[in-house]
S.K.: 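For reference, the structure I am asking about is given below.
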Amino acid sequence: MEEVRVRFAPSPSGEVHIGNARTALFCWLFARNRGGSFILRIEDTDVGRNREAGEVPILEGLAWLGMDWDEGPDRGGPWEPYRQSERLELYRQHGRRLLAEGKGYPCFCSPEELAARRAGAQREGRSSGYDRRCRDLAESERQRLRAEGRPHALRLRAPLEGETVVQDIVRGEVRFLHAELDDFVLVRSDGRPTYNFACVVDDHLMRITHVIRGEEHLSNTPKQLLLYEAFGYEPPRFAHLPMILALDRTKLSKRHGATSLQQYRDLGYLPEALVNYLALLGWSHPEGKEVFDLQEAIAHFSLERISRSPSVYDDRKIEWLNGHYLRSLPAAELARRALPFMRAAGYDPQPPDRLAKLVAAVQDRVKLLGELPDALAYFFRDDFHYDEEGYRKYLARPGAAELLERSREALSSLPEQDFTVENTEAVYRRLAESMGIRAAELIHPTRLALTGRTVGPGLFDIMALLGKEATLARLGRCAAGLRRD
RNA sequence: GGCCCAAUAGUCUAGAGGCCUAGGACGCCGCCCUCUCAAGGCGGUAGCACGGGUUCGAAUCCCGUUUGGGCCA
């Protein structure tokens with residue numbers, strides 16, 4: 001069986017859009033499932049913002065998600081170079097060939113003329129495609145215009161009748177009438193190739209067997225097929241993935257919040273959660289599993305299970321998944337991943353292994369790494385405010401100060417090294433019993449005194465983590481404050 | 001505007017003519033656990049866009065409408 005070769009061809013915009021990440025993932029999963037090659041190609045022929053700098057975040061983003069590639073701009077390969085900007089000579093050669101064989105022709109219309117004619121055509125309700133006026137220019141006329149130094153583009157001499165049928169792996173047969181297609185531009189007058197042209201030349205030269213890309217390229221496919229035919233090349237197989245939409249069913253864009261890999265990373269999403277979620281958008285596990293790792297996805301991936309309808313990106317579900325993966329991490333590993341977030345918030349845990357213990361206390365209470373600094377804030381500072389409602393409910397009442405004082409006193413009998421979860425709890429249970437009240441009546445005011453909050457880890461976990469000194473100090477401070485008011 | 005694609009609960013999806021009284025997941029609601037909040041367990045809510053066909057039988061096939069999306073830009 002022929003070796004499968006799949007490419008992912010992003011433009012170096014500096015970040016990886018979530019939809020592109022999904023496309024890359026599906027390409028990669030397919031290649032790996034079939035024991036084929038995954039190739040990275042940078043489509044940087046749009047002059048301007050597209051510089052090499054924009055390419056680095058893309059490579060980093062894919063690697064962060066756990067993907068690797070066999071050929072690419074950073075590591076070369078048998079069909080290099082892997083940047084379109086470095087392949088211009090190849091496009092030129094191919095352009096010349098079509099011209100020589102009469103399958104392409106020079107078009108001397110300027111962009112301004114074309115725009116004006118298109119507007120006119122649309123106003124009169126005619127087809128807005130190119131009117132082919134340069135298609136049959138006499139050779140002498142071409143010579144003359146060329147001699148004048150008139151800039152010209154290269155257009156395909158497309159068939160006027162008939163149809164092109166795209167055999168799409170996910171959509172089946174899709175037919176396009178040639179009458180609807182026009183003599184599209186292959187090479188612009190400044191020498192830059194168009195998307196369709198460069199794509200065909202590269203995919204053929206790089207021996208790509210499967211083109212897996214977003215649905216927005218389905219309409220480009222017949223044009224590319226026409227090009228393969230003009231060159232006499234065998235076309236690859238095509239698979240067009242459904243779009244990813246925002247909740248309002250429009251294209252996912254900046255205004256919908258985070259849309260790039262790096263934004264998700266900065267928010268504290270785990271790559272394993274992101275990649276798992278992405279695998280679920282437009283594809284489903286044959287056994288209906290929803291939580292699985294990359295190895296599992298590779299083992300079961302197939303293009304046949306890709307759905308045809310667009311999917312809406314759901315923040316809730318990926319958050320849940322992220323929480324799931326967060327909870328399954330060993331505390332030390334979670335601490336390692338949390339550290340940059342803690343430092344960014346100005347919290348530097350000392351000694352370093354203390355963070356693992358802290359993080360374990362809130363591990364199933366957060367969904368994102370980015371929530372950890374706040375969830376753990378009171379372990380790093382004692383200048384917090386008391387939650388207003390909690391204050392009213394548990395502290396602003398007669399006897400509250402005394403309650404805290406008696407708690408403090410009871411705890412003070414514990415030696416520093418015995419200030420454990422079990423011992424502090426035993427002390428509290430005993431105290432409550434001797435006072436003839438429920439332990440909860442001690443616990444709630446204490447949590448507020450120690451953390452300023454009404455929610456959080458179990459109180460005795462907090463005490464043990466805080467240590468005797470801080471615990472007693474906060475209890476005393478809170479009681480004193482209540483006495484003053 | 002032309003062409004193309006799509007349509008199962010709020011969302012992701014299973015479903016390839018009888019296995020469907022439409023299955024799973026997120027969310028939401030309730031209960032249990034419990035010092036709070038989570039997590040976890042249990043239960044519940046909610047869907048085949050509409051209209052015509054084809055067929056003994058349609059979520060599934062065909063046509064149209066509607067709606068969304070894409071490409072030409």
Side-chain angles (χ1 to χ4, degrees), chain A residues 111 114-115 118-119 121-130 163-164 166 168 170-182 184-185 195-196 214-223 240-252 276-291 304-324 326-328 361-367 371 375 387 389-390 393-394 425 428-429 432 438-448 451 453-463:
Chain A
L114 290 170
R118 182 160 45 229
Q122 214 163 74
R123 212 170 326 116
E124 291 160 36
R126 285 180 289 123
S127 162
S128 61
Y130 176 59
E163 64 175 10
T164 286
V166 177
D168 191 272
V170 344
R171 273 149 231 282
E173 283 190 359
V174 185
R175 321 180 87 89
F176 295 86
L177 260 16
H178 291 158
E180 304 288 348
L181 270 23
D182 64 1
F184 56 97
V185 172
Y195 168 77
N196 288 316
E215 192 195 324
E216 66 270 25
H217 287 120
L218 184 56
S219 309
N220 282 321
T221 310
K223 296 182 182 176
H240 288 93
L241 311 177
M243 305 277 300
I244 298 178
L245 272 23
L247 205 52
D248 58 5
R249 299 215 142 253
T250 62
K251 208 170 174 174
L252 200 55
N276 189 160
Y277 180 69
L278 255 21
L280 255 20
L281 274 188
W283 181 77
S284 61
H285 187 113
E287 289 155 29
K289 284 192 194 171
E290 307 239 352
V291 181
E304 285 67 35
R305 289 194 67 81
I306 292 176
S307 65
R308 277 169 299 269
S309 50
S311 34
V312 171
Y313 191 88
D314 183 7
D315 289 306
R316 308 290 203 129
K317 186 151 183 173
I318 188 180
E319 246 187 48
W320 166 79
L321 252 185
N322 204 64
H324 171 86
L326 219 53
R327 269 172 258 131
S328 67
V362 294
Q363 187 157 15
D364 51 21
R365 293 178 171 79
V366 293
K367 289 190 158 60
E371 293 169 5
D387 175 83
E389 207 185 314
K393 197 165 170 191
Y394 300 117
E425 175 155 17
Y428 258 49
R429 300 275 173 207
R438 293 185 305 119
E441 291 180 64
L442 245 33
I443 287 169
H444 293 303
T446 303
R447 174 179 287 106
L448 211 57
T451 71
R453 308 183 186 186
T454 58
V455 302
L459 178 67
F460 307 107
D461 293 299
I462 294 173
M463 284 192 189

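Only this structure's heavy atoms are used, side chains among them; waters, hydrogens and symmetry mates stay out. To find a chain, count down the sequence lines: A is the first, B the second, and so on, and within it residues start at 1. Computed from a prediction, not measured in an experiment: that's the story for all the values here.
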S.K.: With a 4.0 Å cut-off, would you call Arg175(A) and Glu163(A) a salt bridge?
M.R.: yes
S.K.: Measuring from the side chain of Arg316(A) (C-beta onward, heavy atoms only), which nucleotide among rC5(B), rC28(B), rG24(B) has the closest atom?
M.R.: rC28(B)
S.K.: Considering only heavy atoms and no angle criterion, is a donor-acceptor pair shorter than 3.5 Å present between the side chain of Glu216(A) and the base of rG69(B)?
M.R.: no
S.K.: Under 3.5 Å, is there an N or O donor on one side and an acceptor on the other linking the side chain of Arg447(A) and the base of rC35(B)?
M.R.: yes
S.K.: Any base atoms under 4.0 Å from Gly214(A), or only sugar-phosphate, or nothing? Heavy atoms, all strands.
M.R.: nothing
S.K.: Tell me what Pro242(A) touches on the nucleic acid: a base, only sugar-phosphate, or nothing, going by heavy atoms under 4.0 Å.
M.R.: nothing
S.K.: Distance check: side-chain N/O of Ser284(A) vs OP1/OP2 of rC12(B), anything under 4.0 Å?
M.R.: no
S.K.: Scan side-chain atoms only and decide if Thr454(A) and His444(A) contain a donor-acceptor pair under the 3.5 Å cut-off.
M.R.: no
S.K.: Phosphate oxygens OP1/OP2 of rG24(B): is one of them under 4.0 Å from a side-chain N or O of Lys289(A)?
M.R.: no
S.K.: Determine which nucleotide pairs with rC3(B), using a 3.5 Å limit on both distances of a Watson-Crick or G-U wobble pair.
M.R.: rG70(B)
S.K.: Could you tell me whether Ser307(A) contacts a base, only the sugar-phosphate backbone, or nothing, with contacts defined as non-hydrogen atoms closer than 4.0 Å?
M.R.: sugar-phosphate
S.K.: Of the listed nucleotides (rC71(B), rG69(B), rC35(B)), which one gets closest to any side-chain atom of Ser219(A)?
M.R.: rC71(B)
S.K.: Does a side-chain N or O of Arg429(A) approach OP1 or OP2 of rC35(B) to a distance below 4.0 Å, or not?
M.R.: yes
S.K.: Which nucleotide in the set rC5(B), rC12(B), rA39(B) lies at the smallest distance from any side-chain heavy atom of Asp364(A)?
M.R.: rA39(B)
S.K.: Across the strands shown, which category fits Phe460(A) at heavy-atom distances under 4.0 angstrom: base, sugar-phosphate, nothing?
M.R.: base
S.K.: Under a 4.0 Å threshold between the charged nitrogen and the carboxylate oxygen, would Glu389(A) count as salt-bridged to Lys393(A)?
M.R.: no
S.K.: rC26(B), rG40(B), rC71(B): which one has an atom nearest the side-chain heavy atoms of Arg327(A)?
M.R.: rG40(B)
S.K.: Please give the nucleotide sitting opposite rA49(B) as a Watson-Crick or G-U wobble pair, both distances under 3.5 Å, or none.
M.R.: rU65(B)
S.K.: Mind checking the CG-NE2 spacing from Asn276(A) to His285(A)? Nearest 0.5 Å is all I need.
M.R.: 11.0 Å
S.K.: Is any side-chain N or O of Arg365(A) under 3.5 Å from a base N or O of rC37(B), one able to act as donor and the other as acceptor?
M.R.: yes
S.K.: Return the nucleotide paired to rC31(B): Watson-Crick means purine N1 to pyrimidine N3 with N6-O4 or O6-N4, wobble means G-U with N1-O2 and O6-N3, both under 3.5 Å.
M.R.: rG41(B)
S.K.: Considering only rC35(B), rC5(B), rU11(B), which nucleotide approaches the side chain of Glu215(A) most closely?
M.R.: rC5(B)
S.K.: Could you measure the distance from the CE atom of Met463(A) to the OG1 atom of Thr446(A)? Nearest 0.5 Å is fine.
M.R.: 5.0 Å
S.K.: Take atom P in rG47(B) and the same atom in rC35(B), then report the distance between them in whole Å.
M.R.: 39 Å
S.K.: Minimum heavy-atom separation for Gln363(A) and Arg327(A), please, with both atom names.
M.R.: NE2-O, 3.5 Å
S.K.: Name the closest nucleotide to the Ser309(A) side chain, picking from rU36(B), rC26(B), rU8(B).
M.R.: rU8(B)
S.K.: If the cut-off is 4.0 Å, is Arg305(A) near the phosphate of rG15(B), judged by side-chain N/O to OP1 or OP2?
M.R.: yes
S.K.: Where the side chain of Val455(A) is concerned, which of rC37(B), rC3(B), rU13(B) is the nearest nucleotide?
M.R.: rC37(B)
